Amino acid sequence: MNYQNSQYQNSLAYAQHQDQQDPLANYREQFCHPVINGKQVLYFTGNSLGLMPQAARENINNELDEWANWGVEGHFHAKNPWVSYHETLTPQTAGIVGANESEVVCMGSLTNNLHLLFVSFYQPTAKRFKIISEAKMFPSDRYLLETQVRHHGFDIDEAIIEVAPREGEQLIREQDIIDVINANADEVALVFFGGVNYFTGQVFDMQKLTEVAHSVGALAGFDLAHAAGNIPMQLHDWNVDFAAWCTYKYINSSAGNTAALFVHDKHGNNTDINRFGGWWGHNKERRFLMENSFEPMTGAEGWQISNAPVMGMAVLKASLDIFHEVGMEKLREKSVKLTGFLEFVFNDIVNQFPHISLEIITPSNPDKRGCQLSIKLVGTDKTFFNALTEAGIIADFRQPDVVRMAPTPLYNNFEDVYRMGVTLKQLLATWK
Ligand SMILES: *Cc1c(COP(=O)(O)O)cnc(C)c1O
């Protein structure tokens, strides 16, 4: 993982040479690259919405044909019968997050899934009711916490403890999180963090936080929206209690598509755990007998509510098949190099223009970040981001002052990064 910065060169020849040697280079062609206003853009927003895998169209057309040909019979007679379609996504999904197949299921949407998991894993008592979390969470997660806390009749300010970066710092110190957990040892019900913070790109030590949470008698859950498909994880071995993630960011499944969740086997095998039920989580041998009395399946599938949306899953399958073929290890290897290259090129150029300060706030240690770099605009504002977009660099802006850029290893290459640098340089040279 220790890729030497000194190996990088900010030149087209170097970038092209890296691309020639890249074992994943051919995957670029398996994705559709946007052309906006007649110009092929440099797409660095896989952290927000992944690009479309070419195979998505074929997969969805296949399912439309099945529907046209079979109608309701497609549930049992389609090539991938719809009644069990979600099961075809399980092995790949488990591979992405380091789980047993029994521990994951593709279903629902991210925030919805988290609410369902909180029903099971946030069961506060008068004494143990606090949730320890990161400051400046993604708003949906914050609303999740607030409404869950209120639902159980607790006071938001008392129950939600946020750990923030120290004064003048951008990143949260892990020791500070641990100290806060220990300081509230008897009152913490849940430690809930993003695996990767959406704003700064900081990776949290999920294994460590889980261990500390357990040591005080609390559970640990994670929102992996920015981690899944980005960094390798071992959720099972790390003993994480539960997690959920969307699939439209690094997993390239299209806007708002079916998400996924993880429940550790130690909980999944316990069908007595309280949960909200629906027929798809019911004993599948008896699902169609239409009986009373909910009898949850074991494993993550026991948290399912509704029958699976096959059209969306067909798209998700196109992407998961690619992940399965590549594997998180090779993906990560390229990701570390490519992100390091972006950091190098960016700093090389920004240093030539001292009148404007663009500061990368994402950790410089590759072990503490995925492929996203967050850039704080100092002495300028969103107009600079707008100018980047105009110039064909698709990044994204997060209030109040951060631009996020993610060179994703599946479809970005070294030349993209080099060309971004050229454009950035032109822009800075004329920027006042
Ligand atoms: C993208 C993202 C979400 C989005 O939630 P949806 O339920 O999919 O709309 C939530 N939380 C985090 C941390 C995210 O990055």
Side-chain angles (χ1 to χ4, degrees), residues 44-51 89 93 96-97 104-119 121-122 131-148 160 162-164 171-172 177 190-204 206 209 220-231 233 235 240 242-262 276 303-306 308-309 312-313 315-316 319 361-362 369-374 394-399 402-406 408:
F44 292 113
T45 331
N47 59 312
S48 186
L49 187 79
L51 290 183
L89 310 178
T93 300
I96 290 176
V97 297
V104 295
V105 64
C106 291
M107 62 174 273
S109 58
L110 172 55
T111 313
N112 286 0
N113 288 352
L114 286 172
H115 275 295
L116 293 175
L117 290 165
F118 269 55
V119 167
F121 302 112
Y122 178 59
I131 302 172
I132 301 201
S133 188
E134 73 216 87
K136 285 225 271 181
M137 298 194 94
F138 192 85
S140 200
D141 298 51
R142 174 70 200 191
Y143 308 152
L144 158 87
L145 298 189
E146 290 178 6
T147 54
Q148 283 286 338
I160 304 175
E162 293 187 331
V163 186
L171 305 171
I172 300 174
I177 305 172
L190 180 63
V191 173
F192 181 72
F193 273 74
V196 177
N197 179 277
Y198 86 99
F199 191 76
T200 62
Q202 176 180 12
V203 172
F204 293 109
M206 292 174 247
L209 294 185
F222 295 93
D223 180 328
L224 303 179
H226 284 270
N230 180 19
I231 57 169
M233 293 177 280
L235 297 184
V240 165
F242 69 91
W245 55 98
C246 51
T247 61
Y248 48 80
K249 291 173 178 166
Y250 293 103
I251 307 181
N252 316 307
S253 77
S254 80
N257 202 353
T258 304
L261 61 76
F262 164 91
F276 284 175
W303 271 263
Q304 293 177 106
I305 304 276
S306 297
M313 286 187 173
V315 177
L316 174 54
S319 177
I361 60 172
T362 304
R369 68 184 185 198
C371 69
Q372 169 191 324
L373 294 183
S374 300
I394 307 298
D396 74 1
F397 183 81
R398 283 292 171 269
Q399 292 292 350
V402 159
V403 173
R404 304 184 303 177
M405 270 189 206
T408 63

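Excluded from the calculations below are hydrogen atoms, water molecules and symmetry mates; all remaining heavy atoms, backbone and side chain alike, are included. Every value quoted in this text rests on a predicted model; they were computed, and no experiment measured them. Remember, it's 1-based here, ligands and their atoms both numbered in the order they're listed.
Under 4.0 angstrom from ligand 1, the non-hydrogen atoms of Ala225 all belong to its side chain. Neither the backbone nor the side chain of Met137 has any atom closer than 4.0 Å to an atom of ligand 1 (non-hydrogen atoms only).
Using a 4.5 Å heavy-atom threshold, the side chains of Glu162 and Glu134 count as separate. No side-chain heavy atom of Val163 sits under 4.5 Å from any side-chain heavy atom of Ser133. Looking at heavy atoms from C-beta onward, Arg404 lies in side-chain contact with Tyr198 at the 4.5 angstrom threshold.
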* Quick one: do Asn47 and Asp396 satisfy side-chain contact (heavy atoms from CB on, under 4.5 Å)? Show the steps, please. => CA-CA 9 Å; Asn47 59 312; Asp396 74 1; 4.1 Å; yes
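The single protein non-hydrogen atom nearest to atom 14 (C) of ligand 1 is Lys249 NZ, 2.8 Å, given as residue, atom name and distance. The shortest contact between atom 11 (N) of ligand 1 and any protein heavy atom is with Asp141 OD1, 2.6 Å. Among protein heavy atoms, the minimum distance from atom 3 (C) of ligand 1 is reached at Phe138 CE2, 3.4 Å.
Taking every non-hydrogen atom of His226 and a distance limit under 4.0 Å, the qualifying atoms of ligand 1 come out as 15 (O). Interface of Thr111 with ligand 1, defined as ligand atoms under 4.0 Å from a residue heavy atom, comprises 5 (O), 6 (P), 7 (O). With ligand atoms numbered from 1 in the order given, ligand 1 contributes 1 (C), 4 (C), 5 (O), 6 (P), 8 (O), 9 (O) to contacts under 4.0 Å with heavy atoms of Tyr248.
Relative orientation of the Phe118 and Phe242 rings is perpendicular, given thresholds of 30° and 60° on the angle between their planes. A parallel orientation is assigned to the rings of Phe121 and Trp303, their planes being inclined by less than 30° (bins at 30° and 60°).
In the model, Thr200 has no side-chain atom that pairs as donor or acceptor with a side-chain atom of Ser374 under 3.5 Å.
Some N or O of Asp223 is nearer than 3.5 Å to an N or O of ligand 1, by distance alone.
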